[in-house]
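These numbers were taken from a predicted model, which means no experiment stands behind them.
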Amino acid sequence: MKFHLVLFVIIAAIFGVGLEGCQCKVVQFIFGDSLSDVGNNNYLSKSLAQASLPWYGIDLGNGLPNGRFSNGRTVAGIIGDNMGLPRPPAFLDPSLSEDVILENGVNYASGGGGILNETGSYFIQRFSLYKQMELFQGTQELIRSRIGKEEAEKFFQGAHYVVALGSNDFINNYLMPVYSDSWTYNDQTFMDYLIGTLGEQLKLLHGLGARQLMVFGLGPMGCIPLQRVLSTSGECQSRTNNLAISFNKATNKLLVDLGKQLPNSSYRFGDAYDVVNDVITNPNKYGFQNSDSPCCSFGNIRPALTCIPASKLCKDRSKYVFWDEYHPSDRANELIANELIKKFGFVRVDQTKPPSPSPALAPSSDD
């Protein structure tokens, strides 16, 4: 009997399992697209949606590209920082291990990914939400083998989850004639298809242990620089914005309904459409000077689609709402994150560490 107890203690010490259980940290698991990607696509060698070149990441850490499609942080990252949650590394980060997962969680977000499997196919490589969930199941198997089934269940049910996709399903699918969805559906039937798929995915996530989950809504995606430059007037595209509003309304209802159906679920819908729309409409009110064009662009050649070393940067990155043709700047992301933090009254899970400060944005040398 003593021998078995000693053996168990030795095994527990080797595999990091305490006699009183895992005592695991509260971490995040993030599912999303380029607005939340922290480097996965940089490891997809054939992907055409990468943030691997300067000037991406210029205002975060060492200023080198880190896989984030911005000059700085993501909305999910800022919210996590303010809640005292560790920053989850990219799933494809070579340093990812069971210990890292238990300490930090995982970010599965992939630029170009969507709720639908067919979304973003012209990017060649990207993770759809179903694929990200498949990878999450693999993560669960790793953790179960490390700390045991019961402790793993506690760990995953105690974690925070973010699902932040949907814009690509419109901009890089339904609204592009090259995709069959654009002529197979109309606005209403496509919305039904999209929300129905999301509902099934969220049920599957609940079955995998996701209890505390936040789904991000869409902003006025008809006002991103790419949509403006593709319009004849240079103004926001109202149809695209109306689709975003309809998506938000339907997703909010979906979460309310699922919250009633699924036991022990705490679902929140992060809708920042109104504040982002106000920022775009009245940029000076929020300290911005430009809300219709990207800070990083290839001179007068529009659309530039991505930021490259030869791109020209705006003089003051903190004064631009958009970093490139698609994505908000760090400062805009901070404003969106703070709006959601205020709206939901998020509390810190770790009271010992202050939120990470926003990066100091150095003015560009270019005019």
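- T306 and Y56 share a donor-acceptor pair across their side chains, judged by distance under 3.5 Å alone.
- Contact annotation: the side chain of V163 approaches that of L165 to within less than 4.5 Å [non-hydrogen atoms, C-beta and beyond].
- Inter-residue side-chain proximity for K312 and C296 is flagged as unmet; no heavy-atom pair is nearer than 4.5 Å.
- No hydrogens or angles considered: nothing links the side chains of D37 and S34 as a donor-acceptor pair under 3.5 Å.
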Compile the donor-acceptor pairs under 3.5 Å between side chains in residues 196-205 and protein atoms, sequence neighbours left out, one pair per line.
from	atom 1	to	atom 2	distance (Å)
T197	OG1	Y193	O	2.8
Q201	NE2	I115	O	2.9

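- Counting only N and O atoms by type, the side chains of D330 and N71 include no donor and acceptor under 3.5 Å apart.
- Among residues two or more places apart in sequence or in another chain, the salt bridge (Lys or Arg N to Asp or Glu O under 4.0 Å) test is passed with D192 by none.
- Within the model, atoms CZ of F170 and CG of N241 stand 11.5 Å from one another, a figure rounded to the nearest 0.5 Å.
- Between F69 and W323 the shortest side-chain heavy-atom distance does not fall below 4.5 Å.
- A salt bridge links D99 with R146: the distance from a Lys NZ or Arg NE/NH1/NH2 to an Asp or Glu carboxylate oxygen falls below 4.0 Å.
- Residue K253 places its NZ atom among 12 or fewer non-hydrogen atoms of other residues, nucleotides or ligands, all under 6.0 Å distant.
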Give the table of side-chain donor-acceptor pairs shorter than 3.5 Å for residues 216-224, with sequence neighbours excluded, one pair per line with atom names and distance.
none

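- A salt bridge does not link E153 to R144: none of the charged nitrogens lies less than 4.0 Å from a carboxylate oxygen.
- Ion pairing of K285 with D278 is present here, as a side-chain N (NZ or NE/NH1/NH2) and a carboxylate O approach within less than 4.0 Å.
- Taking the six-membered ring where the residue is Trp, F190 and Y174 present parallel rings, their angle staying beneath 30° rather than reaching 60°.
- For N66, the side chain to side chain donor-acceptor pair (under 3.5 Å) criterion is met by R68, not counting sequence neighbours.
- For the residue pair S266 and Q212, no side-chain donor N or O sits within less than 3.5 Å of a side-chain acceptor on the partner.
- Using a 4.5 Å heavy-atom cutoff, the side chains of R268 and L340 are not in contact.
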Give every donor-acceptor pair under 3.5 Å between a side-chain atom in residues 131-139 and any protein atom, sequence neighbours left out.
from	atom 1	to	atom 2	distance (Å)
K131	NZ	E134	OE2	3.2
Q132	OE1	G32	N	3.0
Q132	NE2	G32	O	2.9
Q132	NE2	F127	O	3.0
T139	OG1	Y108	OH	2.8
T139	OG1	L135	O	3.2

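- Between N338 and I341 there is a side-chain heavy-atom pair separated by less than 4.5 Å.
- By the 4.5 Å heavy-atom criterion applied to side chains, V279 and L335 are counted as neighbours.
- The closest side-chain heavy-atom distance from V27 to N104 is not below 4.5 Å.
- In terms of the ring pair (Phe, Tyr, Trp, His ring centres under 6.0 Å) criterion, residue partners of F346 (sequence neighbours excluded) are, by chain and number, F344.
- N168 and T119 share no side-chain donor-acceptor pair at under 3.5 Å.
- We find that R73 and D81 are not joined by a salt bridge, their nearest charged nitrogen and carboxylate oxygen being 4.0 Å or further apart.
- Side-chain contact check for Y161 versus F156: some heavy-atom pair is nearer than 4.5 Å.
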